[in-house]
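Here is the structure we will look at.
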Amino acid sequence: MTNTASQQPRALPPTWEPASVEADLYQRWVDAGYFTPQPDSDKPPFCIVIPPPNVTGSLHMGHALEHSLMDALTRRRRMQGFDVLWLPGMDHAGIATQNVVERELANEGKSRHDLGREAFVERVWDWKATSGGMILNQMRRMGDGVDWTRERFTMDEVLSRAVQTIFKRLFEDGLVYRAERIINWCPRCHTALSDIEVEHSDDEGEFVSIRYGDGDRSVVVATTRAETMLGDTAVAVHPDDERYRHLVGTEVELPLTGRAIPIVADEHVDPEFGTGAVKVTPAHDPNDFEIGRRHDLPAIMIMDERGIITAHGPFEGLDRFEARPAIVAALRAQGRIVAEKRPYVHAVGHCTRCGTVVEPRLSLQWFVRTEPLARAAGDAVRDGRTTIHPPELAKRYFDWVDNMHDWCISRQLWWGHRIPVWYGPNNEVVCVGPDEEPPGEGWTQDPDVLDTWFSSALFPFSTLGWPDQTKDLARFYPNQLLVTGYDILFFWVARMMMFGLYAMGGRQPFDHLYLHGLVRDPTGKKMSKSRGNIIDPLDWLDEFGADATRFTLSRGANPGADMAISADWAAGSRNFCNKLWNATRFALLNGATVASPVPARDTLTDADRWILDRTEAIVSEVDERYEEYEFAKLCAALYHFTWDELCDWYLEIAKVQIAEGGERAEATRAVLGHVFDVVLRLLHPLIPFVTESLWTTLTGNESLVIAEWPKATGAAVDAGAARRIAGMQKLVTEVRRFRNDQGVKPGQRVPTRLSGVDEAGLSALSQAVSSLARLAEPGEGFTPGASLEVALPDGTVHVEMDLSGTVDVAAERKRLEKDLAVARKEMTGCEAKLGNPNFTDKAPADVVAKIQSRRDVAAADIERITARLESFGD
RNA sequence: GGGCGUGUAGCUCAGCGGAAGAGCACUCGGCUUACACCCGAGCGGUCGCAGGUUCGAAUCCUGUCGCGCCCACCA
């Protein structure tokens, strides 16, 4: 630390101003190399990879939350002596990014086909170059302690090699295959989608019943997608359905086409639903495809990749949604519509990327055979190699991996990792590894690219250099932890588990998985552009600073649970940072120091011993909370400790002790130095900037980033001091309340006399009450005008105050009556319990004792208050 | 259609078998030489509803109503 100016406590401004220092501090940390691990050190490794944000955009509040938590966790580990690698990176986000660039092109009146594949991909790279920088900047502003020397992108050469390598391995193991299947097709993006890229919503449609065939050999089928009837190749009924038994094996004529189609019996049909007869369209419906396979039916494609009808006839060239009513109308004209239900609400699949209604479509795609991989992924969690926090979410994980369908990985896009498969002139299929030459003349590469999640699934090891056996890979795999939102448990986490275990010889990608919740708006609603309730983290970074933004998000984070945030919370966090700033500044102004050790405990005051014990306790509590990722609770504990205990009580007491001068003052300065040293260390992972500024000033050391994390010493707690301080607090509060009730001016010193405590206690209490409650020592000619009695752990203290006969009897009476009511209620409750033999027999002794003492206290209170009320007369 | 979760102070949430809590908001009083991004005091809840288990239930069980999320090939 060379900046001598900032070592002058008097130079610290009275308000914490994050904007002026954050960027400099961050640059200093990066330049010093604090965030770059030294794999040759003998420290234990701690590695965590960033869930790579899409290059498509800027960071939203969810990222800000995720980064706050990851940074807190990694900073703490670094302070604990781990060799920490937090690895940053970005995701090429295939379909999302391609869509963005295509939209841009559309504005120029062009399509990607106008550019051609190569030029288009180049254009996406250009776009990535400009857009990606935004995200990195935001991470710097957040203060993310990531190792920039190891930044990765899913389409980097190294990561692309990893993709190709694992694809080839899967290919050779028979775990990827190419097959004609019904897949989810987005007619707008012109690509296949995996199951989880389809979002279902309840949409209104029309459910029409159509008569196929004529007379008593006819059958009525029902559908919501009437246009698909053009591709029907059968009608199916349940084998046990008496109504249709005579028809099975016969044929009916398919209206509008004149084709004859068979009536088949299939178990899949639910006789209770609709008419019990199902039209079968093997090329455009997954169930029908299966029925078709069982009955060896042809599959007739009637729509192209844009959703345009291709079946010859009057409907050719119509969009599927135009064809639907047209076909219904044509059928109606023939008298074949026997029933219509409208509106008919049913689940309809939409493309997660563009919202277009997904069309099931028969096509040739690449799939990952997930069964063995998913089983391994389930086992790794079941046998504890990977632990999920919070544990409740493990169930969701199992539901998924235990029922996984094969994963469609080919996408008809240009932006992404091209499938490394070549087809020969005679339909040969060759998978080409990263270091192999593609086959020559007459061979063509598969035009498709891989699902974007295919490459991000490799992130825990591809980023460390795999398939090469690098030093990083050996040291940092498995990653110790992964932090991400529960919303991508299936998209990303499960797939990382599958590929990690597969590629790394059964070793899990990460030991611990922490799933955080989603950030919601102030009223708990999901943030979305359409709702217009998005809060941009950059706004908060500007207005409140990085520390306040981070602290707000951290203290809202309960494991796996969503959180609602608002600017009020951020303001509160900013206030907290400022409180910490001023408290430390005050301590420094009063000579707080870490240079001299804290004196022996027997020379310290109750208050000193109490705050030292509380400091110990908070160290332990924070550690325990971190182990369970209880951010909200650890933040609350630190907030409460810093503000209430340290500032509101100890700092006020310290003023008195320092005013005493001499050894008392010196001891207090040492205690202050120690306590602030510890609390700044504890807070640093959460609010790195303000703590760094303060701590370097307090200690003169280089940086808090590389300071040691506090360890609880496990020393015995001074219960006596704790009790006496609690008593003092209660007394002071009672006196303040009394003064408030009595309308005594805050500045007005009231002569006071305490009794009911021993000599030593009296002196300490008098002093405390006098200064903290802003009263005065009793003067000459003391005339008590009012008194109150406060029951403390060590007895009852009487406080007399000379209000010179100006006691507001009405106010006092009101207060006492309220207290009396409370005491009576308490008394009644306790008596009822104690009078119940079942309770006294069955409840644990300590509970009974507690109730008894409560009863005694209430009884004493009632007596005291009654006497006092009587003394007022009427 | 399944599965999961959740309903606690005006708001956002802790508490999950033994005296109803926090932050914010609100009321009252204060520029008390660290901080008005502050200090002090206070108001505010039959813990969704109905049953049950228990000496005792916000906490466990059952039912019910409301909300949320995930999964889903009933045409």
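Letters A, B, ... are given to chains in the order of the sequence lines, protein chains preceding strands, and every chain is numbered from 1. Source: prediction; values computed, not measured.
- As rounded to whole Å, 16 Å separates atom C1' of rA41(B) from atom CG of L731(A).
- Nucleotide rG2(B): paired with rC70(B) (Watson-Crick or G-U wobble, both distances less than 3.5 Å).
- Residue R737(A) places its side chain closer to rA41(B) than to any other of rG18(B), rG3(B), rA41(B).
- Shown here, rA41(B) forms a base pair with rU27(B); the pair counts as Watson-Crick or G-U wobble because both key distances fall under 3.5 Å.
- Atom C1' of rC24(B) sits at a distance of 26 Å from the matching atom of rG66(B), rounded to the whole Å.
- rA58(B) and rA72(B): their P atoms are spaced 40 Å apart (whole Å).
- Between I327(A) atom CD1 and R225(A) atom CZ the span is 12.0 Å, to the nearest 0.5 Å.
- In summary, D819(A) and R737(A) engage in a salt bridge, as defined by a charged side-chain N under 4.0 Å from a carboxylate O.
- Looking only at side-chain heavy atoms (C-beta outward), L553(A) and M61(A) come within less than 4.5 Å of each other.
- Looking at R736(A), its side chain has no donor and acceptor atom pair within 3.5 Å of the base of rA41(B).
- Going from the P atom of rU46(B) to that of rU53(B) covers 26 Å, rounded to whole Å.
- If you check rU12(B), rG42(B), rG18(B) against the side chain of R815(A), the one that comes closest is rG42(B).
- Across all strands shown, the partner of rG21(B) is rC13(B), judged by Watson-Crick or G-U wobble contacts whose two distances both fall under 3.5 Å.
- D562(A) places its CG atom 16 Å from the C1' atom of rA14(B), with the value rounded to the nearest Å.
- Whole-Å rounding puts the D241(A) CG to rA75(B) P distance at 18 Å.
- F738(A) comes within 4.0 angstrom of nothing in the nucleic acid, heavy atoms only.
- One P atom belongs to rC35(B), the other to rC31(B), and the distance between them is 15 Å to the nearest Å.
- For rU54(B) and rC70(B), the C1' atoms lie 36 Å apart once the distance is rounded to whole Å.
- Here rU46(B) sits opposite no nucleotide as a Watson-Crick or G-U wobble pair (both hydrogen-bonding atom distances under 3.5 Å).
- Contact of the L193(A) side chain with the I183(A) side chain is not registered, since no non-hydrogen atoms from C-beta on lie closer than 4.5 Å.
- The side chain of N558(A) lies closest to rC13(B) when the candidates are rC71(B), rC13(B), rA72(B).
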Q) What's the verdict on side chain to side chain donor-acceptor pair (under 3.5 Å) for H350(A) and D203(A), showing C-alpha distance, side-chain angles and the deciding distance? A) CA-CA 10 Å; H350(A) 297 261; D203(A) 291 5; 2.8 Å; yes
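- Taking atom C1' on both nucleotides, rC65(B) is separated from rA50(B) by 11 Å, rounded to a whole Å.
- Aromatic ring orientation, F273(A) versus F207(A): perpendicular (interplanar angle above 60°, classes split at 30° and 60°).
- Residue-level contact check: P837(A) touches neither bases nor backbone, having no heavy atom under 4.0 Å from any strand.
- The residue among F491(A) and T840(A) whose nearest nucleotide of RNA chain B is located toward the 5' end is T840(A).
- Which of rA14(B), rA72(B), rA75(B) sits closest to the side chain of T223(A) comes down to rA75(B).
- In this entry the distance linking CD of E199(A) with C1' of rA72(B) reads 14 Å, nearest Å.
- Nucleotide rC60(B): paired with rG52(B) (Watson-Crick or G-U wobble, both distances less than 3.5 Å).
- Ring geometry for Y344(A) versus H346(A): interplanar angle of 30 to 60°, hence tilted.
- Residue-level contact check: H640(A) touches neither bases nor backbone, having no heavy atom under 4.0 Å from any strand.
- D402(A) and Y397(A) share no donor-acceptor pair across their side chains, judged by distance under 3.5 Å alone.
- Using modelled atom types, one side-chain atom of N533(A) and one backbone atom of K526(A) make a donor-acceptor pair closer than 3.5 Å.
- In this structure, M404(A) places its CE atom 11 Å from P of rA72(B), rounding to the nearest Å.
- Taking atom P on both rG45(B) and rU8(B), the two are 15 Å apart, rounded to the nearest angstrom.
- For the OP1/OP2 pair of rC4(B) and a distance below 4.0 Å, the side-chain nitrogens and oxygens of Y486(A) include no atom meeting the criterion.
- The side chain of A561(A) lies closest to rA14(B) when the candidates are rC55(B), rA14(B), rA19(B).
- Set against rC55(B), rG18(B), rC71(B), the side chain of N838(A) has rC55(B) as its closest nucleotide.
- Comparing D521(A) and H268(A) against RNA chain B, the residue whose closest nucleotide sits nearer the 5' end is D521(A).
- For R396(A), no side-chain nitrogen or oxygen approaches OP1 or OP2 of rC71(B) to under 4.0 Å.
- A sub-4.0 Å separation between OP1 or OP2 of rA19(B) and a side-chain N or O of K825(A) is absent.
- Atom pair K818(A):NZ and rA41(B):P shows a separation of 14 Å (rounding to whole Å applied).
- To the nearest angstrom, P of rG2(B) lies 17 Å from NE2 of H200(A).
- Atom P of nucleotide rA72(B) and atom NE2 of H350(A) are separated by 15 Å, given to the nearest angstrom.
- In this structure, R736(A) is positioned above the aromatic face of W649(A), its NZ or CZ under 6.0 Å from the six-membered ring centre and within 45° of the axis.
- The C1' atoms of rG10(B) and rU27(B) are separated by 14 Å, rounded to the nearest whole Å.
- Base pairing analysis places rG7(B) opposite rC65(B); the two distances defining the Watson-Crick or G-U wobble pair are each below 3.5 Å.
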Q | Sugar-phosphate or base contact per nucleotide [nucleotides 21-37 of chain B; S, B, -; heavy atom under 4.0 Å] | A | --SS----SS-B-BB-B
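- Across all strands, D270(A) comes closer than 4.0 Å to base atoms (heavy-atom distances).
- For the residue pair Y212(A)/D232(A), the side-chain donor-acceptor check at 3.5 Å is satisfied.
- Across all strands shown, E290(A) has no heavy atoms under 4.0 Å from either base or sugar-phosphate atoms.
- Base pairing of rU32(B): no nucleotide in any strand meets the Watson-Crick or G-U wobble criterion (both distances under 3.5 Å).
- Each of rA19(B), rA72(B), rA14(B) was ranked by its minimum atom distance to the side chain of E826(A); first place goes to rA19(B).
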